[in-house]
Amino acid sequence: LFLFWRHVSGAAEGMEWLCIIVIGLLIFLLGVVAVAVHAGFFVDIRVRTSQSPNCIRRVAYKPYRGPYKRASEAFGAICSLAPKYTPFGIYYDSPHKVPAEQCRYIVGCCLPSSPGSGMLEGLLVARGYTVHTFPPCKAAIVTEFPYRSQFSLLIAPYRVYHALEKHIEKLKQVLPGGPFIEVYESDLIEYFFPIDNNADFYVPEVKIEPQQAEYPTGSGDQDHNLKKNQ
């Protein structure tokens with residue numbers, strides 16, 4: 001009887017541990033799903049062609065060359081200098097066609113439409129940034145992605161650029177390659193692919209090189225530190 005009771009007790013204890021493990025796994029999976037939902041993993045990506053997109057105009061930027069994953073350092077720098085201004089990035093080359101070390105991009109922040117932040121602009125210029133005004137974007141392929149956490153920055157490139165490529169394929173027309181523009185609002189990442197006056201978004205430091213032009217894949221898997229001080 002003692003041996004039987006010991007066997008039953010051992011089996012019950014084993015079942016208890018199994019239940020604890022199963023419950024723990026369920027809680028973990030529910031947590032992962034909750035994080036993914038909050039970050040926008042299941043958001044419907046709606047890509048459209050806009051004839052008058054509200055794209056970037058007056059900006060301060062700095063040019064860079066190298067793997068797009070290094071852009072996080074550039075974003076961290078501009079957000080430290082201008083925490084209340086909207087950061088943006090423009091990516092000019094496809095990393096599938098151009099060696100990572102030669103990929104060209106710029107990172108900066110959007111400025112007021114008329115000069116009114118003299119001290120900040122002076123500081124940015126002193127730190128190597130260039131103040132520049134882009135012309136209005138006549139037409140662009142645009143979309144958005146929710147910006148809710150750092151996980152949103154990991155998920156967005158894979159969701160958004162796949163949707164953009166599918167949209168471009170459906171147009172069944174030859175489009176100019178690059179650049180892709182990413183604008184980081186407080187709760188939204190906006191994506192623009194100019195298709196009319198495409199060349200106007202090449203800054204002087206970045207030469208247009210048609211043989212390298214294709215659709216860039218933006219910031220890739222980088223982990224920006226972009227949350228602005230509100």
Side-chain angles (χ1 to χ4, degrees), residues 50 52-93 98 100-138 140 142 144-150 152-153 156-157 178-194 196-209 216 218-220 222-230:
S50 174
S52 56
N54 184 25
C55 196
I56 57 175
R57 292 296 307 278
R58 192 164 178 272
V59 304
Y61 72 88
K62 186 181 288 188
Y64 298 89
R65 185 182 291 264
Y68 288 151
K69 63 183 180 181
R70 292 183 191 164
S72 58
E73 300 175 8
F75 277 102
I78 191 63
C79 289
S80 296
L81 291 171
K84 295 184 179 180
Y85 290 82
T86 302
F88 77 94
I90 302 183
Y91 304 89
Y92 294 99
D93 298 302
V98 179
E101 293 295 336
Q102 296 180 23
C103 286
R104 302 160 299 162
Y105 61 98
I106 66 173
V107 171
C109 68
C110 299
L111 298 173
S113 56
S114 58
S117 52
M119 290 184 61
L120 174 63
E121 291 183 21
L123 172 63
L124 292 173
V125 170
R127 295 295 181 90
Y129 289 84
T130 299
V131 175
H132 181 79
T133 299
F134 291 108
C137 186
K138 297 177 182 178
V142 301
E144 302 87 20
F145 192 84
Y147 184 12
R148 299 168 182 164
S149 69
Q150 291 295 93
S152 299
L153 299 172
F180 264 114
I181 303 169
E182 298 179 3
V183 181
Y184 293 81
E185 300 289 353
S186 59
D187 59 354
L188 196 70
I189 308 173
E190 297 177 306
Y191 296 83
F192 301 89
F193 176 52
D196 269 5
N197 54 332
N198 181 281
D200 292 336
F201 291 88
Y202 283 82
V203 295
E205 297 90 339
V206 179
K207 294 172 58 179
I208 301 177
E209 299 179 17
S219 50
Q222 64 184 307
D223 182 12
H224 294 327
N225 181 18
L226 296 178
K227 284 296 182 184
K228 303 190 290 295
N229 298 329
Q230 301 297 325

Indicate yes or no: at least one non-hydrogen side-chain atom of N198 is less than 4.5 angstrom from one of F193. yes
Can Y129 and I78 be said to form a side chain to side chain contact (heavy atoms under 4.5 Å, CB included), step by step? CA-CA 9 Å; Y129 289 84; I78 191 63; 3.6 Å; yes
To the nearest 0.5 Å, tell me how far R58 CZ sits from C110 SG. 11.5 Å
Nearest heavy-atom neighbours spanning P179 and Y202: CD-CE1, 3.8 Å
Heavy-atom side-chain contact between P67 and E101 under 4.5 Å: yes
Over all heavy atoms of both residues, which pair between D93 and Q102 is shortest? Give the atoms and the distance, please. OD2-O, 3.7 Å
Determine whether the aromatic ring centres of residues F180 and Y91 are separated by less than 6.0 angstrom. no
Can you tell me how far the CG atom of L120 sits from the CG atom of L111, to the nearest 0.5 Å? 6.5 Å
Aromatic plane relationship, F75 with Y184 - under 30° parallel, 30 to 60° tilted, over 60° perpendicular: perpendicular
D200 (side chain) donor-acceptor with C137 (main chain) under 3.5 angstrom: no
Pair F201 and F134, ring centroids less than 6.0 Å apart: yes
May I ask you to say whether E205 pairs ionically with K62, meaning some side-chain N is under 4.0 Å from a carboxylate O? no
Measure the spacing between CZ of F88 and CD of E185 and express it to the nearest 0.5 Å. 12.5 Å
What do the steps show when you test I90 against V203 for side chain to side chain contact (heavy atoms under 4.5 Å, CB included), and what is the final call? CA-CA 10 Å; I90 302 183; V203 295; 5.7 Å; no
Note: L124 and A60 closest approach over all heavy atoms is CD1-CB, 3.7 Å
Considering all heavy atoms, the nearest C103-V98 contact: SG-O, 3.9 Å
How close do G66 and Y105 get, heavy atom to heavy atom, and via which atoms? O-CE2, 3.6 Å
What's the separation between atom SG in C55 and atom NZ in K138, rounded to the nearest 0.5 Å? 14.0 Å
Taking the six-membered ring for Trp, are Y191 and F145 ring centroids under 6.0 Å apart? no
What's the spacing between H132 NE2 and I106 CD1 if we round to 0.5 Å? 7.5 Å
